[in-house]
Amino acid sequence: MHDLDVKWQGKWAEKRVFEPQAGAIESSPATTARHLQRQVTTAQKFYLTAAFPYPNSPQHIGHGRTYTTTDIYARYQRMRGKSVLFPMGFHVTGTPILAMAKRIGEKDEEILSIFENIYGIPRAVSATLTDPRDLVAYFSREIEAGMREMGYSIDWRRKFYSFDAQFNRFIEWHFAKLEQAGYITKGEHPVPWCPVGQTAIGAHDTKGDLDPQIEEVTGVLFPYDDGALICSTYRPETIYGVTNIWMNPDAVYLKVKNEKDGKAYYISKDVFTALSMQLPFSIVEEVSAQKMMEKKAKNPITGEELPIFPATFVDPKHGTGVVMSVPAHAPLDYLALRDAGLDGRIKLKQVLALSGFGAFPAKEIVERMGIKSQSDTRAEEATAEIYKKEAHTGVMMAGEFAGMKGMEAKEKIRAKMIADGSALALYEISNSPIYSRYGGLVGVKIVRDQWFIDYGDEAWKAQARECLAGMSILPQKTRHEYEYIISWLRQKACTRSAGLGTAFPLDRTKMIEALSDSTIYMAFYTISHIAMKMKPEELSEKLFDYVFLGKGSSAGLPKEAEEMRREFSYWYPLDSRHSATDLVHNHLTFLIFNHVAIFPREMWPRQIVTNGFVLMDGKKMSKSMGNIIPIRAAVKQFGADAIRFVVVSGADLSSDTDFNRPAVEGVISRLKFMKEAMAKYASILPAVEPEGSTPMEKFARNFPAVESRDSTPMEKHASAADGKGMAQGKKAGAGKSAAMENRDDIAGRWLLSRMHKRAIAAPSMYENFQLRELSLELLYNTFNDLQWCLKRASKPQLREFFEMWVPLVAPIVPHYAEEMWEALGKKQYVKDAPFVALAELPKGDEKKVDERLEAAEDYILRAREDISSILKLIKKDKPAKVELFVAAEWKRKLRAIAAREKKFDVAMKAAMADAEIKPHAAQVAKVLQNYMKNIGALGETPTAEFEMGALLSGKKLLEDELGCPVSAVLEEESAVPKAAFALPGKPSIMIS
RNA sequence: GUGGGGGUGGCAGAGCUAGGUCAAAUGCGCUAGCUUGAGGGGCUAGUGCCUUAGGGCUUCGAGGGUUCAAAUCCCUUCCCCCACACCA
């Protein structure tokens with residue numbers, strides 16, 4: 001199996017099967033390879049890409065899903081006769097690889113053990129990977145090898161790394177265009193920050209890989225003494241209900257100076273470090289809580305005087321260590337008030353009206369729940385409940401935003417207070433505490449001079465929407481998400497202080513971050529094989545303007561300019577972009593934005609396809625679970641085709657799929673079976689197909705026992721059913737019946753009918769990425785059909801079947817397909833090609849689809865099932881005789897009436913008026929009732945002739961299986977009472 | 001919280017946009033029989049409940065509705081997953 005992979009991957013590479021030329025311009029006579037290329041380059045182009053990998057680990061089978069999906073599509077398009085470009089490169093931009101190299105250098109045990117135990121890299125090797133570039137080289141080599149071993153039809157000539165100097169020039173050009181369009185802005189921005197490491201922190205920089213979540217809060221400023229107290233709150237709208245301030249009596253507070261405006265503020269000592277990351281504070285002096293409580297503060301909005309009281313629930317490490325008290329709406333505030341015996345003395349002030357509650361919801365809920373004090377753990381529960389209710393259903397009563405919902409008012413008030421200086425915009429890490437790998441507690445820092453790409457620009461959004469509207473999005477339901485994200489996107493920070501990649505042209509001390517340098521790189525692939533051979537300095541803005549935008553002329557530009565322009569114009573726009581669903585929210589939407597910002601409309605992307613993830617035995621793959629299977633190990637064990645098949649066939653595109661050993665083994669055994677069956681049944685030259693058949697002749701061929709076409713249907717049935725051609729026992733008809741001789745023919749034709757039907761359906765399934773359904777049809781169901789065919793026939797002619805099947809499955813299991821394609825030799829039913837990868841996808845022929853034959857086969861199957869279920873029911877395993885009765889004509893007529901009239905009583909009336917039916921009045925009601933059960937789905941009524949014919953064709957099979965004579969009789973011809981149970985399409989069965 | 005996607009048989013997972021042929025594809029698992037020196041593998045059948053004649057009954061998160069007919073349409077409700085960014 002592995003041999004098969006190696007053999008064909010070698011041949012594809014040798015003949016350069018996947019290295020297309022731009023345009024139909026190759027004219028020099030040349031090698032076979034050239035010849036192959038020419039065959040496809042005269043055709044329509046198809047350009048597709050999958051997200052390029054970040055080489056900080058070997059790839060696992062999860063990655064394989066996206067690339068396999070892409071490759072199947074690439075191979076499909078190639079077999080539709082298109083010139084297909086599927087390139088690949090490596091994205092090395094950003095900090096994780098840097099961090100990883102550093103940790104290896106520090107002999108970090110965690111990372112070394114991951115390398116050893118999960119990636120299978122010996123310590124001796126990993127110890128050498130302390131340079132980020134070595135890491136990149138090591139893993140990209142691994143990944144490329146894995147992709148080749150999976151048989152991906154990638155044009156590797158165009159490979160590049162996002163830190164290559166030539167690519168840097170391209171990104172510089174990209175940002176120059178964004179800047180010229182006015183989309184680059186500068187400002188400040190909150191980031192998770194480690195005060196020890198003095199750097200921004202992402203999930204990979206934290207202990208336990210936690211993603212720090214930044215949350216906005218409002219720091220309300222309450223004038224106090226010579227400055228102000230800062231209270232950080234989630235609910236600025238309750239400012240109208242503040243009755244007092246809380247401080248922790250045991251905490252130490254600081255008077256600090258804001259170096260920016262020179263004002264004095266009061267906060268707890270414990271939060272100084274964290275707050276200084278956001279505000280330029282310096283310590284003036286320490287003040288005790290006791291001392292601070294001697295004076296009063298002032299409500300910045302209402303101007304009321306507010307006393308300061310002690311409260312133990314105030315955490316000096318959280319927020320600012322100073323809390324504003326709204327006892328009417330905050331259970332903890334109310335509890336603290338009550339605990340201090342101030343309940344009656346301080347007057348509660350209502351801010352919001354909440355249905356189901358009176359004026360003071362906090363007080364009510366505390367009393368209802370019977371919460372004893374501020375240290376009662378259920379106080380938090382009460383708080384959460386009140387907050388949630390008030391935010392959604394509470395209506396403001398106080399202040400200028402009266403009448404608004406709590407949630408809306410909150411936003412408005414926050415904005416207003418920040419604007420007029422009565423509050424500060426503060427940020428918190430909502431999932432705090434998180435510690436960085438440097439050991440510091442991660443806080444929020446306001447980075448100044450941060451550069452942004454302004455995705456909030458309305459005109460830009462409008463263009464992005466327009467592009468989206470013109471695109472094909474798969475799965476279709478994902479479109480809503482793109483729409484939402486476009487409307488939601490604002491400024492996106494596009495630089496970081498460190499990382500691999502490209503320096504930011506407007507400030508070369510900064511690096512462009514990873515999601516910003518990967519939005520239009522697909523354009524670079526079209527010229528990368530040329531650009532990578534050029535000197536970086538040759539790749540000027542002017543050159544790229546010419547190549548990508550067609551601006552100016554090639555005069556004065558490097559000699560490669562025209563060729564580059566031609567490549568780009570030929571391959572662009574991008575026909576299909578592929579990735580896993582997680583990139584919809586950033587990368588894929590950015591891709592749309594950046595394309596519309598830079599390229600003319602006709603170069604906008606045409607399609608995006610996203611897929612779900614791969615689970616391992618039903619569980620998410622993760623390093624901690626150790627259930628990651630590296631793709632190379634999997635290929636080594638199972639072979640590429642089985643992995644390819646399993647990762648795309650387990651579930652629909654949008655859902656996650658499961659990878660498990662039994663599934664893989666099932667695929668392998670079926671593939672082997674198909675290969676062996678082909679060797680056995682497809683080498684024989686087929687008989688010449690009889691031509692010019694009228695439907696009637698065809699019918700006779702299918703059911704040869706029905707001999708005379710001149711006789712009336714009744715006579716025909718009689719002759720067929722009188723026992724002459726039928727019930728002769730096990731050895732019936734040896735040499736006598738034409739049915740016998742034609743059994744192979746019928747089974748083969750039936751199989752072909754099914755095959756052609758699938759071939760007709762296949763293209764749209766490939767186009768729509770119904771890969772699950774498609775792969776089930778092409779392997780599992782076709783396999784089952786073949787089994788049935790082989791059961792029905794002894795020596796079927798299956799050459800046409802295999803000549804069609806092999807190319808149809810080739811995109812999914814290319815190695816098996818090539819091997820079988822080669823083994824088939826010269827093709828007789830489909831167009832030949834040196835590789836199945838370059839063959840034409842077979843078109844199904846509707847004329848070979850024989851619904852009647854298939855229906856007859858279904859009929860036999862149903863009869864067979866009924867017989868065996870009766871046998872089981874009556875606990876008989878050796879019947880002496882089986883008789884089948886085919887329903888009488890009047891029943892067929894009645895069925896037609898039922899289907900027409902739909903209603904029981906109307907149909908009944910019509911039936912009784914019919915001379916042919918009336919004599920059977922006793923049975924009519926019962927039969928009619930049966931039809932009524934599924935009145936909408938009755939469909940056509942099979943003729944008795946059809947049923948008899950089908951039974952005759954299945955007779956031999958049934959007799960073989962049952963080991964007894966089987967006969968078919970018309971209900972009209974039989975005196976057996978059981979015959980009366982027959983219904984059209986459902987023969988009555990008598991077993992004796 | 002906001003936005004999106006889901007809840008189907010022991011498991012995975014179709015079907016549900018066009019209601020009926022759906023006790024519900026396909027696969028895995030399980031059971032039995034055959035094959036085999038045993039095991040593995042392969043083949044055949046079965047796998048909601050009841051039933052000695054192909055039938056009946058109850059099922060598709062829960063509750064209600066529309067319809068001759070609902071896994072599929074409508075309403076209510078519960079639960080799960082993903083995203084919310086500066087991170088690849």
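These values consider heavy atoms only, across backbone and side chains, with no hydrogens, waters or symmetry-generated copies. Quick caveat: nothing in here was measured; it's all calculated off a predicted structure. In what follows, every chain begins at residue 1, and chains take the letters A, B, ... in the order their sequences are listed.
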Inset, instruction - Using whole Å, report how far CH2 of A:Trp788 lies from P of B:U26. - result: 14 Å
Inset, instruction - Report which part of the nucleic acid A:Asn781 touches: base, sugar-phosphate, or nothing (heavy-atom distance under 4.0 Å, all strands). - result: sugar-phosphate
Inset, instruction - Go through B:A88, B:G42, B:G54 for me and flag the one nearest to the A:Tyr54 side chain. - result: B:A88
Inset, instruction - Classify the nucleic acid contact of A:Lys477 as base, sugar-phosphate or nothing, counting any heavy atom under 4.0 Å across all strands shown. - result: sugar-phosphate
Inset, instruction - For A:Ala663, report the nucleic acid contact type (base, sugar-phosphate, nothing); a contact means any heavy atom under 4.0 Å. - result: nothing
Inset, instruction - For B:G6 versus B:G61, give the span between their P atoms, rounded off to a whole number of Å. - result: 13 Å
Inset, instruction - Return the 5'-most residue of the pair A:Lys986, A:Pro192 with respect to RNA chain B, ranking by each residue's nearest nucleotide. - result: A:Lys986
Inset, instruction - Return no unless some side-chain N or O of A:Asn784 is found under 4.0 Å from OP1 or OP2 of B:A25. - result: no
Inset, instruction - State whether A:Lys891 and A:Glu971 are salt-bridged, where the test is any N-O pair (Lys NZ or Arg NE/NH1/NH2 against Asp/Glu carboxylate O) under 4.0 Å. - result: yes
Inset, instruction - Output the single nucleotide from B:A14, B:A88, B:A53 whose closest atom is nearest the side chain of A:Arg772. - result: B:A14
Legend entry - G-U wobble or Watson-Crick pairing nucleotide for B:A14 (cut-off 3.5 Å, both distances): none
Inset, instruction - Between B:G54, B:C28, B:G4, spot the one nearest the side chain of A:Ser869, thanks. - result: B:G54
Inset, instruction - With the side chain of A:His480 defined as its heavy atoms from C-beta on, choose the nearest nucleotide among B:G5, B:C86, B:U26. - result: B:G5
Inset, instruction - Provide the Watson-Crick or G-U wobble partner of B:U2, both distances under 3.5 Å; none if there is no partner. - result: B:A83
Inset, instruction - For A:Met990, answer base if it contacts any base atom (sugar-phosphate contacts may also be present), sugar-phosphate if it contacts only those atoms, and nothing otherwise; contact means non-hydrogen atoms under 4.0 Å. - result: base
Inset, instruction - Determine the interatomic distance between C1' on B:C60 and the same-named atom on B:C16; round to the nearest Å. - result: 11 Å
Inset, instruction - Let me know the distance between CG of A:Leu790 and P of B:C43, rounded to the nearest Å. - result: 12 Å
Legend entry - Side chain of A:Tyr780 (C-beta onward), nearest among B:C43, B:G3, B:U26: B:U26
Legend entry - Under-4.0 Å side-chain N/O to phosphate OP1/OP2 contact, A:Arg496 with B:A88: yes
Legend entry - Of the listed nucleotides B:A88, B:G4, B:A85, the one nearest the side chain of A:Leu489: B:A85
Legend entry - Atom OH of A:Tyr780: over 12 foreign heavy atoms under 6.0 Å: yes
Inset, instruction - Side-chain contact test, heavy atoms from C-beta onward, threshold under 4.5 Å: evaluate it for A:Leu468 versus A:Ile592 and give yes or no. - result: yes
Legend entry - Length of the CH2-C1' vector between A:Trp488 and B:C84, whole Å: 5 Å
Legend entry - Nucleotide nearest A:Ser655 when distance is taken to its side chain, options B:A14, B:A88, B:G54: B:A14
Inset, instruction - Please check the phosphate of B:G54 (OP1 and OP2 only) for any side-chain N or O of A:Lys978 closer than 4.0 Å. - result: no
Inset, instruction - Taking the side chain as every heavy atom from C-beta outward, state whether A:Pro53 and A:Phe139 have any pair of such atoms under 4.5 Å apart. - result: no
Inset, instruction - Could you state the atom-to-atom distance from CG of A:Leu871 to P of B:G54 in whole Å? - result: 13 Å
Legend entry - G-U wobble or Watson-Crick pairing nucleotide for B:C68 (cut-off 3.5 Å, both distances): B:G20
Legend entry - Under 3.5 Å donor-acceptor pair, A:Ser988 side-chain atoms to B:G54 base atoms: yes
Inset, instruction - Give the rounded distance in Å between these two atoms: CD of A:Gln450 and P of B:C86. - result: 11 Å
Legend entry - Validation row, ring centre A:Phe90 to ring centre A:Phe52 under 6.0 Å: no
Inset, instruction - May I have the distance from A:Arg758 (atom CZ) to B:U26 (atom P), rounded to whole angstrom? - result: 12 Å
Inset, instruction - Just call it for A:Arg670: base, sugar-phosphate, or nothing, with non-hydrogen atoms closer than 4.0 Å on any strand. - result: sugar-phosphate
Legend entry - Between A:Phe769 and A:His578, ring centroids under 6.0 Å: yes
Legend entry - N or O in side chain of A:Arg862 less than 4.0 angstrom from B:U21 OP1/OP2: no
Legend entry - Watson-Crick or G-U counterpart of B:C43, or none if no pair lies under 3.5 Å: B:G33
Legend entry - Candidates B:C84, B:G54, B:C87 - which lies nearest the side chain of A:Leu515: B:C87
Inset, instruction - Report which part of the nucleic acid A:Asp656 touches: base, sugar-phosphate, or nothing (heavy-atom distance under 4.0 Å, all strands). - result: sugar-phosphate
Inset, instruction - Mind checking A:Glu773 for me? I need base, sugar-phosphate or nothing, with any heavy atom below 4.0 Å counting as a touch. - result: nothing
Legend entry - Integer angstrom distance from the P of B:G27 to that of B:U47: 15 Å
Legend entry - For B:A25, the Watson-Crick or wobble partner whose two distances fall under 3.5 Å: none
Inset, instruction - Tell me which nucleotide among B:A45, B:C86, B:A53 gets nearest to the side chain of A:Ile991. - result: B:A53
Inset, instruction - Could you tell me whether the phosphate oxygens of B:G1, OP1 or OP2, come under 4.0 Å of any side-chain nitrogen or oxygen in A:Arg235? - result: no
Inset, instruction - Tell me what A:Gly94 touches on the nucleic acid: a base, only sugar-phosphate, or nothing, going by heavy atoms under 4.0 Å. - result: sugar-phosphate
Inset, instruction - Pick base, sugar-phosphate or nothing for A:Asp582, based on heavy-atom distances below 4.0 Å to the nucleic acid. - result: nothing
Legend entry - Close side-chain approach of A:Phe163 and A:Thr502, heavy atoms under 4.5 Å: no
Inset, instruction - Could you give the distance separating B:G4 and B:G64 at their P atoms, to the nearest angstrom? - result: 29 Å
Legend entry - A:Ile935 CD1 - B:U21 P separation (whole Å): 13 Å
Legend entry - Partner nucleotide, any strand, of B:U58 [Watson-Crick/G-U, under 3.5 Å]: none
Inset, instruction - Look at all strands and tell whether A:Phe981 reaches a base, only sugar-phosphate, or nothing, counting heavy atoms closer than 4.0 Å. - result: base
Inset, instruction - Pick base, sugar-phosphate or nothing for A:His189, based on heavy-atom distances below 4.0 Å to the nucleic acid. - result: base
Inset, instruction - Check whether the ring centres of A:Phe783 and A:Phe673 lie less than 6.0 Å apart, and answer yes or no. - result: yes
Inset, instruction - For A:Pro190, report the nucleic acid contact type (base, sugar-phosphate, nothing); a contact means any heavy atom under 4.0 Å. - result: nothing
Inset, instruction - Kindly indicate whether the side chain of A:His189, heavy atoms from C-beta on, has any atom under 4.5 Å from the side chain of A:Arg448. - result: no
Legend entry - Between B:G37 and B:G48 - P atom distance, rounded Å: 35 Å
Legend entry - Minimum-distance nucleotide (side-chain atoms of A:Lys492 versus B:U26, B:A88, B:A85): B:A85
Inset, instruction - Determine the Euclidean distance between corresponding C1' atoms of B:U8 and B:A24; express it in Å to zero decimal places. - result: 9 Å
Inset, instruction - For A:His587 and for A:Ala651, find the nucleotide of RNA chain B with the closest heavy atom, then tell me which residue's nucleotide is more 5'. - result: A:Ala651
Inset, instruction - Show your working on salt bridge (Lys or Arg N to Asp or Glu O under 4.0 Å) between A:Glu483 and A:Arg465 and close with a plain yes or no. - result: CA-CA 7 Å; A:Glu483 282 162 0; A:Arg465 285 196 184 96; over 6 Å; no
Legend entry - C1'-based separation of B:G5 from B:U17 [nearest Å]: 16 Å
Inset, instruction - For A:Lys881 and B:A53, give me the distance from atom NZ to atom P, rounded to whole Å. - result: 20 Å
Legend entry - Inter-nucleotide P distance (B:C80, B:C74), Å rounded: 24 Å
